[in-house]
Amino acid sequence: MESNRSFFVQLQVLTKRMVLRVVRRPLAELPNLIISAFFLFVYDGALGGVFGGSASGTPFDFANGNFINFILPVSIVSASLSGAASGIYLVEDIESGVFKRYQSMPISRWAIILAPMNVGALRVLLQAGLILLIGKFIGANPEVGNVGFFIVLSLAFIWGMGFAGYSVAAGVKSGSSQGAQAATFLFFPAIFLAPTFVPREQLKGWLETAAAYNPTTYVIEGMRSVMVQGWELDTLFRGYLSATSFAVITLTLAVISARKATEKA
Amino acid sequence: MLAVNVNNIKKTFVTKQETVEAVKDVSFQVEQGEIFGLLGPNGAGKSTTILMLTTLLSVTSGKASILGLDITTKDKEVREKIGVALQDTGIDNLLTGKELFFTTCRLWGYSKKDSEKRTLELLELVGLTEAADRRVKTYSGGMKRRLDLGLSLVHSPEILFLDEPTTGLDPGSRRVLWEEIKRLRDNGVTIILTTQYLEEADELADRLAIIDEGLVVAEGTSDELKASIGGDVITFSFENDLDLKNAKNVLYDAIEDKGQLRITVEDGAAKIPSFINDLNKNGIIVSSVSASKPTLDDVFLEVTGYRLEGSAGTDSSNELEVK
Ligand SMILES: Nc1ncnc2c1ncn2[C@@H]1O[C@H](COP(=O)(O)OP(=O)(O)OP(=O)(O)O)[C@@H](O)[C@H]1O
Ligand SMILES: [Mg+2]
């Protein structure tokens with residue numbers, strides 16, 4: 001029989017297998033989706049009236065009359081943290097011994113590592129896409145037009161891959177799915193030490209300092225710029241730079257740790 | 001050419017807390033087309049040996065080759081030739097048996113069409129056709145082991161490594177798997193399997209090595225090993241402890257074991273009458289006596305100094321009841 005062991009076939013087969021795994025336990029996907037939707041609905045309901053329409057003309061009119069536009073990036077950033085599932089998928093395979101089975105076969109180690117990253121990326125795109133759709137449905141309306149949605153999605157994707165890399169590195173290093181799970185705790189500082197509910201100028205004291213060092217801040221601000229203010233190229237650039245740097249660093253860490261994991265003991 | 005040639009391999013694990021010599025010195029040779037058994041208790045170093053031979057673990061020292069290919073320098077080539085079913089089976093519970101076979105075929109490089117064909121063949125071979133569309137989660141232990149065996153056969157390997165293929169299975173399922181393994185051997189596949197069951201080593205392995213604390217302590221066919229003990233084992237039971245005690249003075253070569261006396265002699269059955277005569281002359285009443293060929297159990301006791309857990313009832317002795 002003919003034999004085709006190309007890297008791409010292997011990556012595709014392994015990715016498909018992992019997609020099947022995800023699809024067959026859909027409940028595992030829900031929490032993150034719900035939290036993201038929560039930001040959208042609850043914070044819009046709770047704060048929208050204050051910072052949105054009724055604040056027009058006051059110093060609190062930072063949402064430019066549409067609080068959905070303002071809060072949507074937070075939802076999206078929260079949805080993109082679902083990229084962290086990559087590490088959990090990979091570690092599950094290590095724990096179950098599936099990883100070892102693959103190692104005993106002539107499979108590219110990069111295909112083994114990249115497959116969960118692919119699925120993490122798909123998750124980010126789907127969840128963020130879904131949240132964007134809901135957002136549009138309940139009134140989000142980017143200041144720069146619909147192209148704004150794509151900019152937000154692209155930032156979410158890069159940011160999500162950063163978390164994917166982080167979770168793979170943490171998971172492989174700790175060798176347990178708890179290790180990878182722990183990565184998702186980054187969620188809290190990432191979201192709450194940032195200009196989540198008000199712009200950075202309104203933050204006070206230590207929170208302002210923390211936010212300045214939190215890369216999430218720049219990602220959210222980048223997204224917000226197209227949603228609320230219009231084309232602010234330097235803000236947008238800082239957003240992409242921040243997301244990309246984070247992703248490059250964590251993906252490098254992931255590659256190094258995965259390399260170690262696939263070496264013989 | 002030898003299927004497997006292992007010369008003084010050794011594996012030392014160095015962890016922060018301790019240094020473990022998991023495999024101290026293991027050598028054995030396996031001819032093509034035979035079933036070779038590695039028999040040993042928990043922690044003997046069986047899995048570590050298998051992992052080294054299947055190129056999944058580095059060797060601390062020593063040399064080994066598979067079909068003449070060095071496992072360290074030619075590990076890629078070795079993987080092409082071997083099939084592996086490890087002890088901690090990595091089976092994806094969320095997929096169906098069919099999906100697992102198909103995925104594995106694709107990963108080995110078969111085209112979609114060939115993968116479909118091979119999947120059906122293998123499902124049939126390991127008797128999982130009926131269960132093909134069920135998720136592996138719902139498979140019994142025996143079915144999972146057969147699935148695992150099937151997955152290791154996807155690329156038609158010449159040499160198959162099976163680490164404890166039947167541990168935890170009931171006797172019926174075990175026998176099904178044995179038949180499967182024998183059939184593979186009859187089709188020319190060389191099989192190296194590990195086991196902690198004397199009966200399995202006895203029944204299945206053409207040749208075997210007993211491994212204990214990281215060392216090979218005996219090697220040969222089951223018959224050779226039994227013969228190496230020399231003669232037959234005669235076992236005497238007595239009515240009471242006093243007779244047992246007195247008998248020990250008469251049969252001074254005998255070993256006491258579980259309230260019985262055992263003695264190893266040439267041509268045991270022929271010598272029973274004279275033993276009984278001697279005992280009777282001393283007023284000792286023998287309640288039962290049996291002569292049997294030494295079992296692997298006896299061999300194990302001889303070479304390691306202890307019995308393998310749960311190994312009772314494996315002898316096929318010719319019992320002579322004296323009432
Ligand atoms: N990665 C490791 N690090 C440290 N020690 C190890 C490692 N793997 C195995 N050992 C030790 O090496 C010894 C042999 O283990 P091994 O798994 O080879 O035994 P085994 O014969 O397969 O036993 P079992 O029948 O229980 O499967 C044990 O003492 C074990 O604790
Ligand atoms: Mg073992």
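Nothing here was measured: the structure is a model prediction, and the numbers come from that model. Below, chains carry the letters A, B, ... as their sequence lines are ordered, and counting in each starts from 1. Quick note: numbers below take in every heavy atom, side chains included, and nothing from hydrogens, waters or symmetry partners.
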| Between B:Leu151, B:Val154, B:Thr54, which residue shows the highest count of heavy-atom pairs closer than 4.5 Å to chain A? | B:Leu151
| field | Part of A:Phe99 within contact of chain B (heavy atom distance under 4.5 Å) | value | neither
| task | Go through the atoms of B:Leu100 and report whether side chain, backbone, both or neither lie under 4.5 Å from a heavy atom of chain A. | result | neither
| Looking at B:Arg106, B:Lys113, B:His155, which makes the most heavy-atom pairs under 4.5 Å with chain A? | B:Arg106
| Check: A:Asn118/A:Thr15 side-chain N/O donor and acceptor closer than 3.5 Å | yes
| Highest number of heavy-atom pairs under 4.5 Å with chain B: which of A:Glu92, A:Glu95, A:Lys100, A:Lys16? | A:Lys100
| query | With a 4.0 Å cut-off, would you call B:Glu80 and B:Lys74 a salt bridge? | reply | no
| query | Can you say whether B:Lys11 sits under 4.5 Å from chain A via the side chain, the backbone, both, or neither, judging by heavy atoms? | reply | side chain
| message | If you count every heavy atom of other residues, nucleotides or ligands that lies below 6.0 Å from B:Glu124 atom CD, does the total exceed 12? | response | no
| said: Are the side chains of A:Met223 and A:Val77 in contact, using a 4.5 Å heavy-atom criterion? | reply: yes
| query | Given the options B:Leu57, B:Val84, B:Leu107, which has more heavy-atom pairs under 4.5 Å with chain A than any of the others? | reply | B:Leu107
| said: Is B:Ser58 in contact with chain A via its backbone, its side chain, both, or neither, using a 4.5 Å heavy-atom distance? | reply: both
| task | Would you check if the distance from the ring center of A:Phe246 to the ring center of A:Tyr166 is below 6.0 Å? | result | no
| Is it true that the NZ or CZ of B:Lys137 lies under 6.0 Å from the centre of B:Tyr139's six-membered ring and within 45 degrees of the ring axis? | no
